[in-house]
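A short worksheet on the structure shown next.
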Amino acid sequence: MIELSVVLLCVIAGLIGVVLATIFSLLPGLHIYSILGFVVLFLLSIGNVEPLVFSGFTISMLVGYCLGSSISAVFFQTPDDSSVFMVFPSQKYLADGRGYEAAYLSGFGAVIGGIIICLIALFAGPFLGSLVDLLAPHSVWIIITAMLFVWMSEWPKDPARQESRGGKLAAAWVQLLMGLFTILASGVLGIYLFFSQLVPPERSFQTIGAAFVGLFAIPSLIQNLFSAKRAPLQHYGKSIEGNFAELAQGVGAGIIGGSMGMFVPSLTAGVGNAFSRHAVSLSGDRSFMFSQGLARAVYYLGGVLLLFIPGVTIRRGGASLFITLFYVPETQGEFLVITATLIISAAVGWFFFAFLLKGITKAIHRINTRYIALIGLVVMLLLSYWMLGLSGILILIVSTVIGAIPLVFNTRRIHCIGVITVPMVISMAGFAPIITQLFGLG
Amino acid sequence: MAGNEQVKLDNGNQPQNSQSNLPEQRGKENRSGFCPKCGAYVGAFYRCPVCRATMPHGTKLRFMQVAIVLGAIFGLVVLGFYARLNPAPLVNIGDIGPTYSNGSVTIKGNITGIDFQVASDNSWRTLIFTVNDTTGSINVKAYTETADELIIAHNTPAIGDQCTVRGSVYVKGTDLYLLLEASAYFQPSRPLDFSLNATALESLFNATPADYLNKRAKVNGTVTFVGTDGTYFDVDGKVRVFFPDYVRQFSPSTSISVIAGDIVWVTGIISAYYDTLELLPATMFEIEITFHGGGLPE
């Protein structure tokens, strides 16, 4: 039996969490897991924490992150692993003065995604557990196939500009091979991170944090820092364009993409979206951006809800890891409280997001985004240093250089997800001891 | 949706194509990313897609491409050297807490408990042993593949072993343990404290039990009695050699046929079961029959 005071505290923590996370997420490059890492350290140091309240706070932080990072991804072009595909069309929208529309669609997708995943978890919870059990033995080949598909399905962008046949062939393969190089380099980085102890052991729960920031966010921040580009005057409208077909297509693609990230370990919504776009023949930027926001919400929030579904308690994603550092939820009551907190924080978060988006849309052309990028860069460096020490900075530097490869070779940035998929496949296939020996880490 | 911000559903009314940007590009010829000849947007590519003119930023971009690839390789090499310095640092068991989750660490201590769980259909096996040091204790788990590897390599743990274990810290709620992933990461050490005969051991133990309890001794003597269930035998009527369950489980295909009258050397941990002085061998291989006596006289 959960006391009413705990339920109320959970909702209040949820409201605080969604507002804080939406604000924090405006800072380009800042991943909410970095903030949650510090929250975990603080709560563990004080002890005697009500875990359900922390869980409510965590899930609402994720809601706020899905909303707030839609703004920073569009206006400051700093994606994380699950929004890398969104940056390209949103850049186009931003250049056309339609950044508001892009961020609105993505944020709207996140709220719809949050509601959909709640409904799925509430009415099909046990089925989700069975689905995870069904997929678990097949995870290795699913991950390998997914990474191969992401690599092979990339459309060579440069060859048409070459004159000779050899030049066209070389231009096509340089881009594809650099995609493969990015996967392998990220994979080697992942092997060092997963199979050795690069960071102080007492901060192991945040091992992957600095690498993610370096691979996905810092290269964009540096690019923005040296870019002469300034956002043009943005149009703010009381309505945005869209039709039911686009929304329906976006919902389908978002659920498929987010679910892949939610059910298959190490695949994020970014990889899932590469599949789902083909699965539903997604076309058009609006349905695409809407589906991206929706997929991210399904991926991040669904991962936490899997932990709370009674009898399932599967851990997917960093937020679940943080919660299980305190406890493992077991009851239907806890599940319902968390679901309610999610929906309430999504509703409140939406209004707050709309308010912030309106203000930023009207002000962005007056803001020098170089300063924003600089602040983001400094904050990320400081947070990495505080959390992981000098080794965190070393990881950040190496991962940033790897993350810059897709930028200069015009290949997919989602290839950087090799930092998780490669070591995960090695571990699941039982090759970890061999690889550890091979890399001299035994 | 908030307030008056409604999604306008217009059944397919498409926005103006954002790619049709020629009017916007006029006057931008000298800006970075635009073709200096025809004014088309080129971005980071080497050549203009319209007139195929070579872009002035091409050399700079090529330099950056080479520098970044070399930088990534160099960075990974440096990181590799750094990772090899201490891939699993030695930590105190008492220090391991929730924030160590997924960490790769090494612990050193004594084994104080062992549990070996086998599924009824033998589809999975889990070996769990408890390691203590002066700061605390932690369970180490090895699942089916690793457990089998340990048994095949005769590298199984035993109570009283001093050991070094490398593993990953797993935390889920109150469940905190070290996951052993390869036999090579478990290194037991069994230094011998005494080597003497059974009668001498009994008298020494009876004088000062605390000095001998949990120490490792190599004892010789004559087998005087063998338990009917095959789990123990007595040496010189003074010391009982007892095979714990895990010793038999870890050596399912190894049987030691000891009969009364045999002269044996047995190595094991000194223990006491009520008033009986016991010796607990770590494996079946710690029992050495030096003379087959063929039975004692009645």
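So that the names make sense, note that chain A is the first sequence line, chain B the second, and so on, each numbered from 1. Remember, predicted model here, so these are calculated numbers, not experimental data. The analysis underlying the following values was restricted to heavy atoms, covering all of them including side chains, and did not include hydrogens, waters or symmetry mates.
Atom CG of A/Leu407 sits about 11.5 Å away from atom CD of B/Gln65, to the nearest 0.5 Å.
For chain B, the option among A/Ser196, A/Ala185, A/Gly37 with the highest count of heavy-atom pairs below 4.5 Å is A/Ser196. Most heavy-atom pairs under 4.5 Å with chain B: of the set A/Phe205, A/Phe322, A/Tyr327, this distinction falls to A/Phe205.
Heavy atoms of B/Val171 lying under 4.5 Å from chain A belong to its backbone as well as its side chain. Neither the backbone nor the side chain of A/Ile191 comes within less than 4.5 Å of any heavy atom of chain B. Residue contact with chain A, scored on non-hydrogen atoms closer than 4.5 Å, is absent for B/Phe74. Of the two parts of B/Phe81, neither the backbone nor the side chain holds a non-hydrogen atom closer than 4.5 Å to a non-hydrogen atom of chain A. With a threshold of 4.5 angstrom between heavy atoms, A/Ala245 does not approach chain B through any atom at all. With a threshold of 4.5 angstrom between heavy atoms, B/Asn102 approaches chain A through its backbone and through its side chain. For A/Ala404, the parts lying under 4.5 angstrom from a heavy atom of chain B are both the backbone and the side chain. Residue A/Leu41 touches chain B through its side chain alone, counting heavy-atom pairs closer than 4.5 Å.
In terms of heavy atoms, B/Arg166 sits closest to A/Leu441 at NH1-O, 2.6 Å. In terms of heavy atoms, A/Leu325 sits closest to B/Pro98 at CD2-O, 3.2 Å. Closest heavy-atom contact between A/Val401 and B/Ala72: CG1-N, 3.3 Å. Taking every heavy atom of both residues into account, A/Val408 and B/Met64 meet most closely at CG1-CE, 3.9 Å.
Test A/Leu193, A/Val188, A/Ile397, A/Leu394 against B/Leu79 for side chain to side chain contact (heavy atoms under 4.5 Å, CB included) and you get one pass: A/Leu394.
Residues that satisfy the ring-ring contact (aromatic ring centres under 6.0 Å, His included) test with A/Tyr192, not counting sequence neighbours, are A/Phe439.
Relative to the six-membered ring of A/Phe195, B/Arg84 misses at least one condition, a distance below 6.0 Å or an angle of at most 45° to the axis.
When side chains are defined from C-beta on, B/Val69 counts as touching A/Met178, because their heavy atoms get closer than 4.5 Å. Considering only heavy atoms from C-beta on, B/Leu76 comes within 4.5 Å of A/Val398 through its side chain. In this structure the side chain of A/Ile395 never reaches within 4.5 angstrom of the side chain of B/Tyr82, judged on heavy atoms.
Side-chain N or O atoms of A/Gln197 include none that pairs as donor or acceptor with a backbone N or O of B/Ala88 at under 3.5 Å. In this structure a side-chain-to-backbone donor-acceptor pair under 3.5 Å is missing from A/Ser204 to B/Ser101.
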